[in-house]
Amino acid sequence: MQQEIGKESAHVRVGEEVNDRISLLPDSILITIISLLPLAEAAKTSIISNRWRYLWNSLPDLNLYQFFSPSYFSNILHDQEVQKHISIFYLIFISRQAPVYYCHLPVFNFKVNSFHMDNFLSFLCKLRTQDLVLRNVESNDNTLSANLCFFQFLKSLEIVDLSVLLPSQFKDLTNLRILKLTRVRITNNQLETLVSHCPNLHRLRLSECVDLNDLRIHAPNLLLMNISMNKPICFSLINAPRLGSVSLNYSQRMEEVDHIEKDETVKLVWILKNLDHIRSFSFTCRADIFKAICLEKGLPIDIDFWEKQKPPECLINHLMMVQMFGISLSSNSLVEFVKFLLLNAHVLIRMTLNYIITPRGQMEEEVTINEFLHFKRASPQVQLEIKPRVH
């Protein structure tokens, strides 16, 4: 009996075949188990036995960014370190045969290693990668100029901390559904070109892309757009007939913006006029964003501005949900904007206003809330939820 127990609990020894029950499981189950480990730990399972030697190299997700210690990315990388990383990447890719559905690829200095970067992308293309993250790990700015159009299977692309320069001949990414750009240096024209070459794009997320100030979007199948910026942005052209949800997040204080031409509520109206079919609109800002303009910059809009405005198409037929977070109820222009929505949004179902409590304006805020609750509404079924922000 003791001998039987000893056989079942045999310890794993390097270089020996292992007859434990785990090793008898099918490859698919073992790969699932290994995938729960960080990539570096998963690679260590190759020394258990011949049975385990190549299992880790069939993992569907290849997080090469996680493969190395974070300390590598906290300092300036020297050429020897970069070459070491590149050599390891080659070993991983060359021995790989199973498809890679997800890859998080650290990007080093392109000026020195653009040849290697093109090779890595070529490997991933052959391995039918569907979800790709490219992240700059250098302290200096790197420019991505590689042509990604040969990724036939690519469905999701995320670019982080890189500059993007599209090649002169850029073909369609026909299967791309999700595009995320985070702290990416890209011009208005380049973004317009990139998006227009993704005919089946469903989701677009732009975060802290400092060079963008005017969006021109041509995306026939775009469903959701999420914009997070340090400064307000214009929407001069949105050709996206299926776009149903838009989320805007402005974080920077308006006094930090060099030049302000108009009250930002005017831009919100312009944005809605370019979003004919949206059903959901979410807006987040600092509490002082509108108040700073009206009181400090001295740039209020015309008194009869709202009476002159023709309601956007989306308000009349489509907009069903509006959410505003971090707003200040002491901003007259924002209060008038909310009234404009209530008065013209005919199919609105829910409006949520999350406001910042200010000690000096508490009485004024209560008056404004009461005014909203009793204000005339174009939609009889709308539910109005007004609540202070909970820290």
Side-chain angles (χ1 to χ4, degrees), residues 227 229 231-235 238 245-254 257 260-276 278-316 318-356 358 361 364-379 382-389:
I227 312 294
M229 296 292 179
K231 60 183 180 180
I233 190 169
C234 292
F235 287 58
I238 305 295
S245 179
V246 173
S247 175
L248 299 180
N249 186 336
Y250 295 153
S251 61
Q252 184 168 330
R253 289 179 179 270
M254 295 310 298
V257 179
I260 302 169
E261 295 181 353
K262 290 183 178 292
D263 189 301
E264 287 304 309
T265 49
V266 175
K267 284 188 179 179
L268 291 181
V269 176
W270 290 343
I271 289 172
L272 290 177
K273 288 182 178 180
N274 279 284
L275 302 173
D276 288 347
I278 64 165
R279 297 181 299 276
S280 174
F281 180 71
S282 177
F283 178 72
T284 304
C285 68
R286 296 180 65 111
D288 55 0
I289 184 171
F290 294 108
K291 188 176 180 180
I293 297 173
C294 295
L295 300 183
E296 297 176 21
K297 297 296 181 179
L299 295 170
I301 58 181
D302 297 335
I303 295 176
D304 59 347
F305 171 82
W306 298 105
E307 288 75 11
K308 293 179 180 178
Q309 296 308 302
K310 181 181 179 181
E313 174 68 22
C314 64
L315 293 188
I316 299 173
H318 303 288
L319 191 62
M320 301 172 66
M321 180 177 293
V322 173
Q323 297 175 304
M324 298 187 190
F325 301 96
I327 62 175
S328 169
L329 296 183
S330 60
S331 166
N332 292 333
S333 59
L334 186 62
V335 169
E336 293 302 319
F337 177 65
V338 172
K339 291 179 180 179
F340 177 76
L341 295 180
L342 289 173
L343 193 60
N344 295 285
H346 291 264
V347 295
L348 189 64
I349 294 177
R350 175 179 289 275
M351 175 182 283
T352 301
L353 303 177
N354 181 273
Y355 67 95
I356 302 297
T358 56
E364 182 181 349
E365 289 159 2
E366 292 177 357
V367 172
T368 301
I369 293 171
N370 186 63
E371 187 177 0
F372 283 156
L373 294 174
H374 295 89
F375 192 76
K376 182 180 178 180
R377 308 172 191 182
S379 174
V382 62
Q383 295 182 8
L384 186 58
E385 182 181 11
I386 308 174
K387 56 186 179 181
R389 187 175 70 175

Chemist: Working note: I369 + Y355, criterion side chain to side chain contact (heavy atoms under 4.5 Å, CB included); need CA distance, chi angles, decisive distance, verdict.
Modeler: CA-CA 10 Å; I369 293 171; Y355 67 95; 3.4 Å; yes
Chemist: Does the side chain of I271 come within less than 4.5 Å of L248's, by heavy atoms?
Modeler: yes
Chemist: Between S379 and L348, which heavy-atom pair has the shortest distance, and what is it?
Modeler: OG-O, 2.5 Å
Chemist: Once you round to the nearest 0.5 Å, how far does CG of L319 lie from SG of C314?
Modeler: 5.5 Å
Chemist: To the nearest 0.5 Å, tell me how far M324 CE sits from N354 CG.
Modeler: 12.0 Å
Chemist: Say you draw a straight line from CD of E365 to CD1 of I356; how long is it, rounded to the nearest 0.5 Å?
Modeler: 9.5 Å
Chemist: Calculate, to the nearest 0.5 Å, the distance between atoms CG and CG belonging to L268 and L334 respectively.
Modeler: 8.0 Å
Chemist: Please table the atom pairs, donor to acceptor, closer than 3.5 Å between any side-chain atom in residues 337-347 and protein atoms at least two apart or in another chain.
Modeler:
from	atom 1	to	atom 2	distance (Å)
K339	NZ	E371	OE2	2.3
N344	ND2	F340	O	2.8

Chemist: Side chain to side chain donor-acceptor pair (under 3.5 Å) with E385: which residues, sequence neighbours excluded?
Modeler: R350, K387
Chemist: Does any N or O in the side chain of Y250 come within less than 3.5 Å of the main-chain N or O of F283, such that one atom is a donor and the other an acceptor?
Modeler: no
Chemist: Can you name the residues that form a ring-ring contact (aromatic ring centres under 6.0 Å, His included) with F372, not counting sequence neighbours?
Modeler: none
Chemist: Counting only heavy atoms not in M320 (residues, nucleotides, ligands), do more than 12 fall under 6.0 Å from its CE?
Modeler: no
Chemist: What is the minimum heavy-atom distance between N274 and W270, and which atoms define it?
Modeler: ND2-O, 3.0 Å
Chemist: Quick one: list whatever passes side chain to side chain donor-acceptor pair (under 3.5 Å) with T284, sequence neighbours left out.
Modeler: none
Chemist: Nearest 0.5 Å, please: how far is SG in C285 from CZ in F325?
Modeler: 11.0 Å
Chemist: Working to the nearest 0.5 angstrom, can you tell me the gap between M321 CE and S280 OG?
Modeler: 5.5 Å
Chemist: Can you list everything that forms a side chain to side chain donor-acceptor pair (under 3.5 Å) with E313? Sequence neighbours excluded, please.
Modeler: N317
Chemist: Report yes if the side chains of I278 and L272 come closer than 4.5 Å at any heavy-atom pair, otherwise no.
Modeler: yes
